[in-house]
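Because the structure is predicted, anything quoted here is derived from the model rather than measured. All ligand and atom numbering here is 1-based and tracks the order in the structure.
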Amino acid sequence: MATLTIDPRISHSTADFVTAGHKLYIDGKFLSAASGKTFPVYNPATGEVITHVPEAESEDVNRAVSAARRAFDSGPWPRLSASERGRILWRVADLIEQHLEEFAELESLDNGKPYTIARIADVPLTVDIFRYMAGWTTKIAGKTFPISFPGDFHSYTLREPIGVVAQIIPWNFPLLMAAWKLAPALACGCTVVIKLAEQTPLSGLKLAQIFDEAGLPPGVVNILTGYGEGAGAPLAAHNDVDKVAFTGSTEVGKLILKAAAGNLKKVTLELGGKSPAIVFPDARIDHAIQGTASAIFFNHGQCCCAGSRLFVHEKIYDQVVEGVSKVAGSIKVAPGLDPSSQMGPLVSDEQYRKVLGYIESGIHDGARVTAGGAKTSDHGYFVQPTVLTNTHPGMKVVDEEIFGPVVCATPFSDADIEAILKQANDTIYGLAASVWTENLSIAHKVSRGLRAGTVWVNCHNVFDAALPFGGYKQSGWGREMGEEVLNNYLETKAVTMAL
Ligand code: ADP
């Protein structure tokens, strides 16, 4: 049995898993990297190394893609009956649910997020998307068409799996991002090579065990741990891959696009954001304060849809900023495995320095700090929930995605909806937004005018497997979840027969 020195609060089974020798999952086998190389995994609450995982590189990518190619071209998965595929995905969901505590512990230990949140959000949402997609397997269907071409024809479409899919995911919701990608691809009958984020590989490696136990045929899912340049880049560029689905920064999204050009593989991208939360004077103020605070501070602001630009009508601006600052000051920042933790450390030293750098740049550019503004200790990657005022476009903190617990508040004075929409839409991103008002007409007009893939009214960060999620503008291409995500993993074939 492994010692619990990595953190005495985790269970023996999780400690055993973390300290076991980790392997890549290729062609249904657990294998070391071809080079034998490994890299360290850190606990962000302490900065200490907790384990090592294989460092996949081009040779491993080639092995994984070959396995996925074989599994697609001649294996059983795309040829299984739809209901059989659905049954296996449902079994995956059941197995994840059976290991709920372990997955929540892994997410907390590896990413830093509170265990209590991972247990009620990350893991249950992961289970949901597998069950939701299990249901879709039997409902993927084409159409028939009454065509007008002279003669007598029978025309219909088939929806077929796109083939071998490469998936590259980030570290903010390690398990859930894997599930958002894997569940629909598998429902459609694709085979997959997924590269986990180098900062947070543990829950994805545990998922490999679940797929194995669920009876997924070899090569259908291949799971790689490795760095972006070493493993992600050759995977995105691979000529035997039919499609790449990426979630991460807009900067890397553009690299993925270039890498995909070689064989014109299909691309979907879920990228960054700088989402506005707009509070109108008739909003329920307390509700709006709690809601907009949670919009930015949930998951430590490490959400691509974080409400990082707060626009408040001048009549209630002081009250709302004071309220959000108070909420920020009351959040318990502590290691994620501490049961009282409401916010854990940021994921990595790099992210920690980056977020602190943004706060410094905001202050340097004239922002006023009404809450937080610093690290909480010299131990671990903890940053205080931070509220900045006196900010305006042109400042880095306003224009760029920080991906940390930092919100920039700005008053607006105009009753003219077009004026506030212009400010809210003044960003290269278009992922999400929230509107806080009791006025139905304002709610609908603003929802319509926002250039964003998701608009929440009197709420923020509400996700469901049934709802499409994705970005306008530089926030991405395509949608995750809902019926729409199936388009990412299906080709449409038109068949016309002369009768
Ligand atoms: P973040 O900045 O939030 O860490 P990134 O966009 O850098 O997000 O990383 C998201 C994912 O993309 C990770 O799995 C990372 O390893 C991968 N990645 C980074 N650079 C590349 C690249 N050049 N090609 C392919 N994948 C990459």
Trainee: Between Ile168 and ligand 1, is there a nitrogen or oxygen pair with a distance under 3.5 Å?
Mentor: no
Trainee: Any atoms of ligand 1 less than 4.0 Å from a non-hydrogen atom of Gly248? List them with their elements.
Mentor: 6 (O)
Trainee: Taking heavy atoms and a distance under 4.0 Å, where does Ile256 meet ligand 1: side chain, backbone, both or neither?
Mentor: side chain
Trainee: For the pair Lys396 and Asp365, find out whether any cationic side-chain nitrogen is under 4.0 Å from an anionic carboxylate oxygen.
Mentor: no
Trainee: Against heavy atoms of Ile169, which atoms of ligand 1 measure under 4.0 Å?
Mentor: 11 (C), 13 (C), 14 (O)
Trainee: Heavy-atom contacts under 4.0 Å between Ala236 and ligand 1: side chain, backbone, both, or neither?
Mentor: neither
Trainee: Does the protein put any heavy atom within less than 4.0 Å of atom 26 (N) of ligand 1?
Mentor: yes
Trainee: Counting heavy atoms only, which part of Phe403 comes closer than 4.0 Å to ligand 1: side chain, backbone, both or neither?
Mentor: neither
Trainee: Considering only the protein, which heavy-atom contact is closest to atom 16 (O) of ligand 1, and what is its distance?
Mentor: Glu198 OE1, 2.6 Å
Trainee: Do Lys243 and Tyr489 form a cation-pi contact, if we require the NZ or CZ to be under 6.0 Å from the six-membered ring centre and within 45 degrees of the ring's axis?
Mentor: yes
Trainee: With a 4.0 Å cut-off on N to O distance, would you call Arg119 and Glu101 a salt bridge?
Mentor: yes
Trainee: If you count the atoms of ligand 1 from 1 in the order shown, which ones are under 4.0 Å from a heavy atom of Leu255?
Mentor: 23 (N)
Trainee: Does atom NZ (Lys354) have a neighbourhood of more than 12 heavy atoms from anything else shown, all under 6.0 Å?
Mentor: yes
Trainee: Please determine if Lys206 and Glu102 form a salt bridge, counting it only when a charged side-chain N lies under 4.0 Å from a carboxylate O.
Mentor: yes
Trainee: Could you walk me through whether Phe403 and Trp171 pass the ring pair (Phe, Tyr, Trp, His ring centres under 6.0 Å) check?
Mentor: CA-CA 11 Å; Phe403 227 64; Trp171 45 258; 5.3 Å; yes
Trainee: Of all the atoms in ligand 1, which lie at a distance below 4.0 Å from a heavy atom belonging to Gly232?
Mentor: 24 (N), 25 (C), 26 (N)
Trainee: Check whether any side-chain heavy atom of Thr386 sits under 4.5 Å from a side-chain heavy atom of Thr370, and report yes or no.
Mentor: no
